Amino acid sequence: MNADVAVENTSAIALWNDPTAPVSARVGALIDAMTLEEKTAQLFGVWVGASDEGGEVAPHQHEMEEPVDLDALLPTGLGQLTRPFGTVPVDPALGALSLARTQARIAATNRFGIPALAHDECLAGFAAWGATAYPVPLSWGATFDPALVREMAEAIGRDMRSVGVHQGLAPVLDVVRDARWGRVEETIGEDPYLVGTIGTAYVQGLESAGIVATLKHFAGYSASRAGRNLAPTSMGPRERADVLLPPFEMAIREGGARSVMNAYTDTDGVPSAADEALLTGLLRDTWDFDGTVVADYFAIAFLKTLHGVAADWADAAGTALRAGIDVELPNVKTYGAPLTEAVADGRVPEALVDRAVRRVLTQKVALGLLDLDWNPLPAALDATDEDDPSALRGRIDLDGPANRALARTLAEQAIVLLSNDGTLPLDRPRRIALIGPNADEPTAVLGCYSFPQHIGVRHPDTPLGIELPTLRETLAAEFPDAEITYARGTGVDDGDLSGLAEATRLAREADVTLVVLGDRAGLFGRGTSGEGCDVSTLALPGAQQQLLDALLDVETPVVTVLLAGRPYALGRGVGESAAIVQSFFPGEEGTRAIAGVLAGRVNPSGRLPVSVPRGPGSQPGTYLGAPLAHASEVSSIDPTPAFAFGHGLSYTRFEWTDLAVEAQEAPTDGEFALSLTVCNTGERSGTEVVQLYLHDPVASVVQPVQRLVGYSRLALEPREARRLRITIPADLASFTGRDGRRVVEPGELELRLSASSADPRLTARVTLTGAERHVDHTRRLHATILQEPTT
């Protein structure tokens with residue numbers, strides 16, 4: 001498969017094809033040789049679906065776009081191919097061949113031999129048929145384990161690169177501000193430091209595999225009013241700076257992310273896609289980001305159709321381009337003919353086009369797409385594979401044993417034991433009543449961006465492509481000697497109460513009842529969790545609370561198990577369940593992980609990345625609230641959660657002792673050093689998560705009561721102890737002051753070493769001295785936490 005190109009250059013090799021030449025020179029020479037139409041062609045994508053027969057991709061017919069004529073577009077080139085694997089079910093090997101053949105055609109059709117950059121979704125695994133479905137990001141947050149998340153992301157990236165994909169649209173770095181928002185499952189949690197560290201680890205893993213990581217959604221999407229998707233955002237500049245922006249800052253500075261995607265929302269009347277201060281002033285001029293900014297799907301057109309800040313498509317294109325959006329996705333709507341015409345008649349400076357195309361071509365050069373020896377065949381194929389495409393079917397495995405083992409480890413570490421009266425782990429029960437709408441549902445472990453829930457639901461005759469054992473099946477394997485009776489009880493959201501009588505009957509006859517509740521992931525109202533599946537309250541969907549209450553009325557102990565995309569209020573279940581096991585869409589190995597926790601084979605070590613509300617109507621609210629956001633005598637609403645951020649129990653016990661503070665004072669450019677000992681005082685191995693919170697009692701602007709500034713997982717054998725030595729730079733006490741600059745102020749602080757945001761174990765009271773000090777994006781972002789064995 002060759003991509004021969006006729007190039008208007010008399011030398012043996014065009015400068016832009018010479019890998020020994022400086023990148024800037026290669027890109028500059030190419031831009032100088034391109035027409036305006038060839039330049040704008042690099043700034044948009046075409047939504048396609050790979051062929052399951054190995055032929056070229058076919059344009060995707062989307063209800064929001066007109067059909068695309070590839071024959072008319074390709075002579076001037078093409079910037080991106082949108083979701084070749086994530087549009088229709090396709091065998092991975094045949095999809096790779098389809099993509100390769102299309103890339104050869106694209107390169108051969110334009111004068112300069114430039115292929116497209118192919119992107120796909122990878123929010124909880126590569127969103128392709130047959131690829132591993134990992135736990136959703138909210139479960140990543142629950143692990144408090146960046147190293148494990150990085151390992152997962154690297155595996156995802158390797159699979160994507162093996163079939164010819166270059167860019168992944170992940171991670172989501174939105175910080176949860178209102179759990180009613182449907183996309184909570186896609187986030188990492190409600191704390192910016194947790195989101196930043198876990199998200200940065202994901203970026204590092206994806207980028208290490210050669211995939212361009214795309215940070216989304218920049219910025220403020222999760223702070224929309226009333227938790228409604230794509231709603232206006234109400235926040236001041238300080239909330240944006242101190243809560244919503246730090247994860248992006250960290251992922252760019254430490255993760256090396258090469259792409260950013262704008263948010264759909266507007267903040268104080270300015271849509272993110274039109275926000276030059278955000279996309280250029282902050283992102284590029286201040287943070288020195290030099291990658292590409294890609295539009296969230298249809299976001300540029302939305303400047304005209306939804307936001308009303310553009311008069312026509314050309315106006316929308318000029319506005320977005322001026323703000324700093326380099327690439328229009330998923331299709332060409334505004335950056336094609338409307339932009340070209342606007343440049344030709346002087347409404348949009350051609351220099352803005354050159355700025356964007358320079359960034360796009362620089363990235364393509366870095367990916368090797370302009371090298372003379374570029375080959376469209378990806379690593380998983382070779383030249384002989386074109387001869388007999390039918391022989392390729394089934395040859396590429398995107399869900400091999402190593403992937404599944406990694407998915408299971410992550411699922412096990414993400415499960416949170418919320419409460420337990422000693423019923424768990426189950427001790428050889430004879431009769432188990434298994435009740436609930438998610439007890440025997442294969443897809444109950446999947447989020448809305450998994451391939452089966454995102455695309456597969458539109459192809460019901462196509463197999464799932466991956467093994468998805470139900471909890472009913474994995475419990476039967478985990479408890480082979482137990483009699484397990486099953487009743488659905490009610491649906492996820494149908495409100496059907498007709499099954500309650502059978503459910504309570506089975507519960508009366510059992511030694512223990514396992515009730516499995518939660519969500520069904522979907523898109524735009526097709527589920528109870530997912531994009532466009534927002535809720536008005538955090539009550540369990542449908543009649544699930546009635547089912548839970550009916551089972552609690554029976555004397556048999558009830559273990560409540562949740563497979564969900566957001567936290568829910570459980571009513572009586574909080575105090576009356578024998579135990580509560582929380583899982584956030586744990587992926588294809590999730591039910592085996594849950595069965596392991598119930599049996600005691602797995603000692604739970606997950607911690608809540610979001611608070612679990614006590615009542616269904618106390619939103620919006622997170623643990624990050626200032627004093628006025630917490631319970632008081634002057635309001636009848638108590639927002640105190642049932643289970644706090646960072647909470648999680650174990651089957652063993654831990655003791656925290658011997659706090660030592662090296663110095664009670666440090667200058668505003670200095671650091672504090674603490675140490676403590678953590679010991680596993682129980683009879684089995686387990687993992688404790690030490691969380692470090694900062695409380696600033698007096699500041700020039702209102703601060704959260706506390707905020708997470710560090711954490712560490714400690715895996716300890718019975719009676720094993722470890723000494724933690726923690727260095728805390730004064731920079732971690734910084735916040736956005738009254739003048740809009742980030743400041744470290746002198747004064748007293750509390751450093752709380754805690755098992756959760758509601759469970760401080762040891763507290764160090766220290767003082768910052770000296771002059772007020774301003775810091776910027778180069779400040780220190782982390783405490784250093786070292787683990788040492790004790791003698």
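Predicted model, so just to flag it, every value in this text is computed and none were measured. Side-chain atoms are counted along with the backbone in the values below, which use heavy atoms only and exclude waters and symmetry mates.
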Heavy-atom distance under 4.5 Å between the side chains of Leu523 and Arg526, does that happen here?
yes
The reported gap from CE in Met250 to CG in Leu215 (rounded to nearest 0.5 angstrom) is 12.5 Å
Under a 3.5 Å cutoff, is there a donor and acceptor pairing between the side chains of Asn331 and Tyr297?
no
With distance as the sole criterion, is a donor-acceptor pair present between the side chains of Thr470 and Asp440 under 3.5 Å?
yes
For Thr197 and Leu194 the tightest heavy-atom approach is OG1-O, 3.2 Å
Determine the minimum heavy-atom distance between Ala155 and Leu406, stating which atoms define it.
CB-CD2, 4.0 Å
Under the side chain to side chain contact (heavy atoms under 4.5 Å, CB included) rule, what do Leu410 and Thr143 come out as? Steps first, then yes or no, please.
CA-CA 7 Å; Leu410 206 144; Thr143 69; 4.1 Å; yes
Please confirm whether the backbone N or O of Val184 pairs with a side-chain atom of Thr187, one donor and one acceptor, at under 3.5 Å?
yes
Flag side-chain contact, heavy atom, 4.5 Å: Arg101 against Pro389:
yes
Is there a donor-acceptor pair closer than 3.5 Å between any side-chain N or O of Gln204 and the backbone N or O of Ala147?
no
Would you call the rings of Tyr202 and Trp140 parallel, tilted or perpendicular if under 30° counts as parallel and over 60° as perpendicular?
parallel
Please report the shortest heavy-atom distance between Met152 and Tyr134, naming the atom on each side.
CG-CD2, 3.6 Å
Would you mind checking if Glu154 and Arg150 are paired as a salt bridge, meaning a charged N to carboxylate O distance below 4.0 Å?
no
To the closest 0.5 Å, what do you measure between CG (Asp159) and CG (Asp120)?
12.5 Å
State whether the side chain of Thr200 and the backbone N or O of Gly255 hold a donor-acceptor pair below 3.5 Å, judged by distance alone.
no
Do the side chain of Ser450 and the main chain of Gly447 share a donor and acceptor less than 3.5 angstrom apart?
yes
Please examine the side chains of Val445 and Leu468, heavy atoms only from C-beta on, and report whether any two atoms are closer than 4.5 Å.
yes
Worked verdict on Asn438 versus Val492 for side chain to side chain contact (heavy atoms under 4.5 Å, CB included):
CA-CA 8 Å; Asn438 280 339; Val492 168; 3.8 Å; yes
Measure the shortest side-chain to side-chain distance between Glu441 and Leu563 over non-hydrogen atoms and say whether it is less than 4.5 angstrom.
no
Please tell me whether Tyr449 and Glu185 have a donor and an acceptor in their side chains that are separated by less than 3.5 angstrom.
no
Under the side chain to side chain contact (heavy atoms under 4.5 Å, CB included) criterion, do Trp129 and His459 qualify, and how do the steps go?
CA-CA 11 Å; Trp129 185 85; His459 302 270; over 6 Å; no
Give me the atom names and distance for the closest heavy-atom approach of Ala295 to Met261.
O-CE, 3.9 Å
Modelled atom types, side-chain donor and acceptor of Thr591 and Glu473, under 3.5 Å
no
Is a side-chain N or O of Ser162 found less than 3.5 angstrom from the main chain of Ala380, in a donor-acceptor match?
no
Short question: side chain of Lys39, backbone of Ala356 - any donor-acceptor pair under 3.5 Å?
no
Does Ser98 offer a backbone N or O that forms a donor-acceptor pair with the side chain of Thr102 under 3.5 Å?
yes
Kindly indicate, with the supporting measurements, whether the criterion side chain to side chain contact (heavy atoms under 4.5 Å, CB included) is fulfilled by Thr132 and Ile466.
CA-CA 7 Å; Thr132 304; Ile466 53 176; over 6 Å; no
Can any side-chain N or O of His454 pair as donor or acceptor with the backbone N or O of Cys448 at less than 3.5 Å?
yes
Just by distance, do the side chain of Arg566 and the backbone of Thr528 share a donor-acceptor pair under 3.5 Å?
yes
Interatomic spacing from CD in Gln42 to CZ in Arg358 - rounded to 0.5 Å
13.5 Å
Arg26 and side chain to side chain contact (heavy atoms under 4.5 Å, CB included): which partner among Leu361, Thr20, Val365, Thr362?
Val365
Is there side-chain contact between Tyr335 and Thr40, with at least one heavy-atom pair below 4.5 Å?
no
Would you say the side chain of Thr443 lies within less than 4.5 Å of the side chain of Val457, judging by non-hydrogen atoms?
no
Indicate yes or no: does Glu121 engage Lys216 in a salt bridge with an N to O separation below 4.0 Å.
yes
Identified side chain to side chain contact (heavy atoms under 4.5 Å, CB included) counterpart of Ile188 within the set Pro137, Pro609, Pro247
Pro137
Correct closest heavy-atom pair for Ile396 and Ala96 would be CD1-CB, 4.5 Å
Reported CZ-to-CG distance for the pair Arg183 and Asn229, which is rounded to 0.5 angstrom:
6.0 Å
Do Glu328 and Lys333 sit within salt-bridge range, that is, some charged N less than 4.0 Å from a carboxylate O?
no
Test item: side-chain donor near acceptor, Gln167 and Gln80, under 3.5 Å
yes
Value for OG1 (Thr292) from CZ (Arg359), rounded to nearest 0.5 Å, stands at 9.5 Å
Arg395/Asp91 ion pair, N-O < 4.0 Å
no
Quick one: does Asn17's side chain have a donor or acceptor within less than 3.5 Å of a partner on Asp371's backbone?
no
Which value, rounded to the nearest 0.5 Å, describes the distance between Ser259 atom OG and Gln363 atom CD?
6.0 Å
Scanning both residues in full, the closest heavy-atom pair of Ala213 with Ala257 reads O-CB, 4.1 Å
Contact between Trp16 and Met34 at the side-chain level, heavy atoms closer than 4.5 Å - yes or no?
no
State plainly whether the residues Arg105 and Asp71 are in salt-bridge range, i.e. N to O under 4.0 Å.
yes
4.5 Å side-chain heavy-atom contact, Val357 and Leu43
yes
